[in-house]
Each structure stands twice: as C-alpha cells, then as structure tokens.
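Report on the structure given below.
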2 protein chains.
Amino acid sequence: MRSQSTTDGGLAQAVIRRFHALRPLSDEAVGALEQAILEGLFRAGPGEDLVAEGDPIDSVRIVLSGWLYRHKTLEDGRRQIVNFILPGETCDAHAYLLSTIDHSITTATPVTYAEIKRARFEKLMASERTLAEAFMCETLLNNAIQREWAINLGRRAALEKVAHLFCEIYERLRPVGLVDGNSCSFPVTQMDLADATGLSVVHLNRTIQELRATGLITLRERTLTIADLDALKSAALYSPNYLQLYRQV
Amino acid sequence: MRSQSTTDGGLAQAVIRRFHALRPLSDEAVGALEQAILEGLFRAGPGEDLVAEGDPIDSVRIVLSGWLYRHKTLEDGRRQIVNFILPGETCDAHAYLLSTIDHSITTATPVTYAEIKRARFEKLMASERTLAEAFMCETLLNNAIQREWAINLGRRAALEKVAHLFCEIYERLRPVGLVDGNSCSFPVTQMDLADATGLSVVHLNRTIQELRATGLITLRERTLTIADLDALKSAALYSPNYLQLYRQV
DNA sequence: CGGCTGATTGATCCCGGTCAAATGAGGTGG
DNA sequence: CCACCTCATTTGACCGGGATCAATCAGCCG
C-alpha cells in the first residue's frame with residue numbers, strides 16, 4: 001500500500017550524492033532540495049504502479065530507496081521495460097509539461113520516494129539555478145541511457161545484452177554509493193530482466209547461466225557480483241561514454 | 001561540403017510550425033527565434049557527420065530542411081540508428097551541458113540548418129519563457145520517442161517494426177506540413193532502415209516487399225505512400241499516445 | 001499440506017541472420 | 001553513345017540463435 005511516511009534519517013542522501021555527481025550544487029540548493037524532499041515522503045510496496053500509461057502528471061517524484069522500472073505494453077501483452085529507476089533518480093522531472101504520460105512506472109521492490117508538487121518544484125527551479133541545471137542534466141542523461149538501450153535491444157546478441165545491462169546498472173549505482181566492492185543489490189526477477197533485454201524468460205535464464213559458467217558474474221539472492229568488471233564490459237562491448245555525465249567521484 | 005548560407009525565403013517555417021504544434025509561442029518568441037535562426041544558416045551535403053560521438057558541443061542546431069539520423073556503432077561495426085531528425089527538429093538543445101556527446105549525427109540528405117551558439121541560445125531561453133518551455137517539451141518528446149523505439153526494437157516482429165517506423169515518421173512529418181495526402185518523402189536507403197529497425201538489410205528488404213504485397217504501402221523513388229493509415233497502424237500495433245505532445249493542428 | 005511465484009531444464013520450431021550472387025540505376029570518362 | 005564503376009535493391013539457399021511449449025523443481029506463505 002502506498003502511504004505517507006514521516007521518518008527521516010538522512011534518507012535524502014542518495015539523492016544529494018547523485019546530484020552532486022551530476023552537477024556541483026550550491027549549499028543553498030542542497031538545503032532547499034532536502035527540505036522539499038522531506039516535506040513529501042511516501043512509501044510503496046513492490047509491484048505497485050506509481051504511474052500508469054495515460055495518466056496526467058502534476059508532480060515530480062524522486063526515489064530515495066528501492067528500484068522501479070518504466071515499461072510499455074503492446075495490446076497483446078508483450079512488454080518492454082524501457083529503463084530502470086534507481087535510488088537517487090527522478091521519475092519524471094518536467095513531465096508535467098506533457099498532457100499525459102506515455103509509459104507506466106512500477107515498483108520492483110519496496111520504495112521510498114519524495115513527491116514534490118509542480119508549483120513547488122517550479123519555484124525551486126526558479127530560485128536555485130544549479131538545481132535546475134542538475135535536473136536538466138538528469139533529463140539529458142536519461143536520454144543518453146535510452147539511446148544506449150536502443151543499440152542494446154537492436155544490435156547486441158543475448159549474452160552481450162545481459163552483460164551490458166549488468167555493467168550499466170553497476171555503474172549507475174556507483175555514484176549513489178550503492179555498490180559494495182564488486183557487488184551490488186539486484187532485486188529484479190528474471191522475467192523483468194527478460195523484458196528489459198527483449199529476450200524470452202527461458203533464453204534469459206540460459207544466458208545468465210552462461211555468464212555464470214564463464215565465471216563473469218554471480219547472481220544469487222538478489223545480489224549481483226561481478227568477478228571481473230573489465231572482462232564483463234568487454235563481453236558486453238560496453239563503452240562508458242554515455243554515462244560520462246557522472247563526474248568522477 | 002558544409003558551408004554558410006545566406007539565402008532566406010521563409011526557411012524557418014518548418015521550425016515555427018512545429019514549435020507552435022508543441023507549445024503556443026508568443027509573437028515575440030517567434031520573432032526572436034526566427035531572428036536567431038536567420039543569423040546562422042548552414043548547409044550540409046548528404047552523408048556528412050554534423051556531430052561525431054565524443055565531440056564537445058557548444059551550440060544548438062535546428063534543422064530547416066532535410067533528414068538526419070542519430071546513430072551509435074559498436075566496436076565491430078554493428079550500427080544502430082537510434083532516431084531520425086526531421087525538418088523543424090532540434091539536434092541537441094541543452095546538450096552543451098554534457099561534456100561530450102554519446103552518439104553521432106549524420107545527414108541522410110542535403111540539409112539546411114541553423115546554428116545558435118550556446119550563449120545566444122541561453123539568452124534566448126532566459127528572455128522568452130514560452131520558447132524555453134517549447135525546447136523543454138521537445139526534449140521530453142525525444143525521450144518519449146526513444147522509449148517507443150525501445151519497445152519497437154525489443155518486442156515487435158520485423159513487419160511490425162517497419163510498419164511502426166513508417167507510421168511514426170508520417171505522424172512526425174504531419175505537423176511540419178511535410179505530408180501530402182497519404183504520402184511523404186522518405187529519403188533513406190534500405191540499409192539505413194535496417195539499422196533503424198535492428199534488422200539485416202536482406203530481411204528488411206523482404207519485409208518491405210511483404211508490406212507492398214499486402215497493399216499497405218508503396219515506397220518508390222524515395223516517396224512513401226500509405227494506402228490505408230489505419231490498417232498500417234493496426235499492423236504495427238501503433239499507439240499514438242507517445243506523440244500526443246503535438247497538439248492537433 | 002496445498003497453492004503460488006520464480007528458476008530451471010528439455011525438446012522442437014521458425015524467424016530472421018548470413019553468405020553469395022544477380023540485377024538495376026546513376027554517374028563518369030573516353 | 002557506350003563501357004565501366006559504384007552503390008542500392010533484390011533473390012536464392014542455408015543456417016542458427018533465440019522463441020515457444022511443456023514440465024519439473026525450489027522457496028515461501030497461509
């Protein structure tokens with residue numbers, strides 16, 4: 001069940017860390033953002049739709065913890081996950097400019113998020129220039145990621161697709177401080193992974209086994225461990241420049 | 001060869017029409033935009049790279065006429081066209097916020113475009129609120145299109161992919177006034193089309209022949225004619241809501 | 001213990017890739 | 001005007017990666 005939450009506890013840390021990696025923020029900007037976040041905290045359980053295709057949008061949501069994914073479905077049920085939304089990331093900055101949204105957003109895990117109403121958000125953007133730039137950067141980064149997914153879906157072979165997704169998620173979790181050595185949380189089902197890579201569940205399962213067999217990764221109990229990141233990147237034909245927006249941190 | 005151009009002749013019409021369809025513009029905004037466009041006109045021949053992966057960006061380019069495409073290439077040469085850029089569309093609004101760009105932009109035909117330097121562009125955005133919103137909308141629209149491409153590449157069958165691409169391009173050319181009845185210009189090679197749909201050239205060719213055989217389309221001399229748009233959309237499992245940003249015009 | 005969801009395995013099939021060659025359409029220089 | 005070259009489209013034959021169908025297995029929860 002979705003419910004308002006009142007706990008705090010440095011929840012906004014992931015967001016702040018990530019924004020700092022995107023764009024230097026002034027102290028005032030950090031304060032204002034933190035403030036806005038703490039005013040509208042919410043929780044959602046796993047498998048809940050935060051946004052459904054066709055909904056109108058009138059607020060911005062920022063994920064403090066947990067994973068979500070954006071997805072689209074064809075009439076006959078074929079589904080494509082078009083991106084994951086990780087802690088610290090924004091669901092839909094500026095999306096209120098659209099009349100309705102073109103895709104759904106569903107939680108993969110329990111999620112904590114902040115909701116900032118449109119008017120509040122616009123005021124924040126107007127008063128904090130560095131913050132507005134950071135949100136703009138985030139939108140551009142999303143665009144870049146989406147383009148990379150296009151080549152992943154269109155041109156990479158099954159093993160490369162899955163390896164690439166693992167590399168990307170790992171690199172996106174890094175600036176938020178959510179990687180621990182060479183492993184990170186990976187709380188999605190193989191069905192979700194299949195829909196994110198455009199494969200069938202059966203073939204996805206076999207592909208993961210192949211990655212395991214070659215010793216490149218371990219995936220157990222919702223934890224991904226990458227034995228040799230460079231080797232995995234090489235197997236994925238991974239090129240990092242689409243994530244360069246993240247400054248070295 | 002790329003070269004500065006001095007001719008005018010209502011060249012900015014496609015841009016203005018499209019922006020109006022995106023977002024109502026004030027007369028002042030239109031004037032200022034037109035002015036900025038006419039100050040920096042350029043031409044490029046077909047097959048030229050306007051932007052290469054890894055380039056830094058310090059200006060915004062707006063296409064007045066001609067087609068371009070964004071593409072990414074893997075080490076071993078596999079290429080994916082991740083989107084087309086059509087007349088009236090912007091190459092890279094705000095992209096100067098990125099240190100370098102993650103993909104290349106190449107002309108598919110002779111192209112006329114306007115180049116607005118970053119400083120000039122930012123001044124324009126600051127002084128014309130409706131214009132800034134329109135550019136923001138365009139970025140969001142790009143995002144939405146990119147997501148739709150993900151499901152196209154990941155989940156649609158070959159015939160559906162090609163049919164869907166045809167529908168989308170047709171609908172994107174419509175607000176710019178570049179469709180004529182049920183046909184429009186379609187100046188790309190089958191190789192490009194293959195790389196845009198994630199198919200091989202051979203199979204793309206057979207797919208087009210199938211679309212021809214079923215009487216859905218004609219594609220001759222770089223002109224696409226859609227006999228029955230509804231039928232084509234139905235064959236493509238096309239859902240228009242990702243392009244809803246375009247107001248009815 | 002039964003029911004459910006998710007992971008795994010096996011067997012078979014087919015869509016779309018690959019390789020190779022032929023045809024066509026401009027363009028160019030002699 | 002023709003021979004020749006290049007690039008795009010088309011066709012044919014064959015192959016294989018990944019889809020599909022169908023069970024089985026493993027946790028987990030009530």
Side-chain angles (χ1 to χ4, degrees), chain A residues 45-48 67 69 74 76-81 106-110 151-165 186-213 217-224 235 237, chain B residues 45-47 67 69 74 76-81 106-110 152-165 186-213 217-224 235 237:
Chain A
E48 281 185 43
W67 287 34
Y69 50 81
L74 297 179
D76 63 3
R78 276 174 283 173
R79 185 181 73 145
Q80 178 69 45
I81 290 181
T106 303
T107 58
T109 67
I151 189 166
N152 208 35
L153 292 164
R155 286 304 184 205
R156 270 188 261 257
L159 190 108
E160 297 162 351
K161 290 184 190 196
V162 180
H164 189 276
L165 181 60
F186 209 93
V188 293
T189 66
Q190 294 195 358
M191 213 184 86
D192 294 336
L193 236 29
D195 283 340
T197 48
L199 300 170
S200 68
V201 195
V202 172
H203 198 68
L204 176 98
N205 178 277
R206 289 181 172 130
T207 304
I208 287 189
Q209 287 177 54
E210 197 179 335
L211 281 168
R212 285 193 186 117
I217 63 142
T218 314
L219 182 57
R220 255 189 14 241
E221 289 156 18
R222 315 270 107 143
T223 298
L224 169 69
L237 302 189
Chain B
W67 286 36
Y69 50 81
L74 297 180
D76 63 2
R78 278 175 281 173
R79 184 182 72 145
Q80 178 69 45
I81 290 181
T106 302
T107 58
T109 68
N152 207 37
L153 291 165
R155 287 303 186 207
R156 271 187 260 256
L159 191 107
E160 296 163 350
K161 290 184 191 197
V162 180
H164 189 276
L165 182 61
F186 209 93
V188 293
T189 66
Q190 294 194 0
M191 214 184 85
D192 295 336
L193 237 29
D195 283 340
T197 48
L199 300 171
S200 67
V201 194
V202 173
H203 198 68
L204 176 98
N205 179 276
R206 292 185 168 124
T207 305
I208 287 189
Q209 287 178 53
E210 197 180 336
L211 281 168
R212 284 191 185 120
I217 63 142
T218 314
L219 183 57
R220 255 189 15 241
E221 289 157 16
R222 318 268 107 146
T223 299
L224 169 70
L237 303 191

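Small disclaimer: the values here were computed from a predicted structure and weren't measured. Letters A, B, ... mirror the listed sequences (proteins, then strands); counts begin at 1.
The interatomic distance linking B:Leu204 (CG) with C:dG17 (P) rounds to 9 Å, in whole Å. Note: CZ (B:Arg220) to P (C:dA25) measures 12 Å, nearest angstrom. For the pair A:Arg78 CZ and C:dC15 P, the computed distance is 13 Å after rounding to whole Å. Put simply, CG on A:Leu199 is 14 Å from P on D:dG17, counting in whole angstrom units. In this structure, B:Glu221 atom CD and D:dA8 atom P are separated by 17 Å, rounded to whole Å. One atom, CD of B:Glu210, and another, P of D:dT10, lie 14 Å apart when rounded to the nearest Å. Between the CG atom of A:Leu153 and the P atom of D:dG17 there is a distance of 20 Å, given to the nearest Å. Straight-line distance from the CZ atom of B:Arg222 to the C1' atom of C:dG24: 13 Å, rounded to whole Å.
Backbone-only engagement by B:Gly198 is indicated by non-hydrogen atom pairs under 4.0 Å involving sugar-phosphate atoms exclusively. Contacts of A:Arg155 with the nucleic acid, taken as non-hydrogen atoms under 4.0 Å apart, are absent. Contact annotation for B:Arg156: no contact, since no heavy-atom pair falls under 4.0 Å across all strands.
With hydrogens and angles ignored, no donor-acceptor pair under 3.5 angstrom links the side chain of A:Arg206 to the base of D:dG17.
Residue A:His203 places its side chain closer to D:dA19 than to any other of C:dT9, D:dT9, D:dA19. The side chain of A:Val202 lies closest to C:dG10 when the candidates are C:dA7, C:dG10, C:dG17. Each of D:dA19, C:dG16, C:dA7 was ranked by its minimum atom distance to the side chain of A:Thr189; first place goes to C:dA7. Nearest nucleotide to the A:Gln190 side chain, out of C:dG16, D:dG18, C:dA7: C:dA7.
Residue-to-nucleotide proximity on DNA chain D shows that, of A:Val201 and B:Asn205, the 5′-proximal contact is made by B:Asn205. Nearer to the 5' terminus of DNA chain C, by closest-nucleotide assignment, is the contact made by A:Gln209 (compared with the other of B:Lys161 and A:Gln209).
Put simply, the side chain of A:Arg155 gets close to the backbone of B:Leu199: a donor and an acceptor are under 3.5 Å apart. Checked by atom type and distance alone, the side chain of A:Arg156 pairs as donor or acceptor with a backbone atom of A:Leu237 at under 3.5 Å. In this structure, the side chain of A:Thr189 engages the main chain of A:Asp192 through a donor-acceptor pair within 3.5 Å. With hydrogens and angles ignored, the 3.5 Å screen pairs no side-chain donor or acceptor of A:Thr109 with any backbone N or O of A:Pro46.
An OP1 or OP2 oxygen of D:dT10 is reached within less than 4.0 angstrom by a side-chain nitrogen or oxygen of B:Arg212.
Separating the CD1 atom in B:Ile217 from the CD atom in B:Glu210 is a distance of 11.0 Å, to the nearest 0.5 Å.
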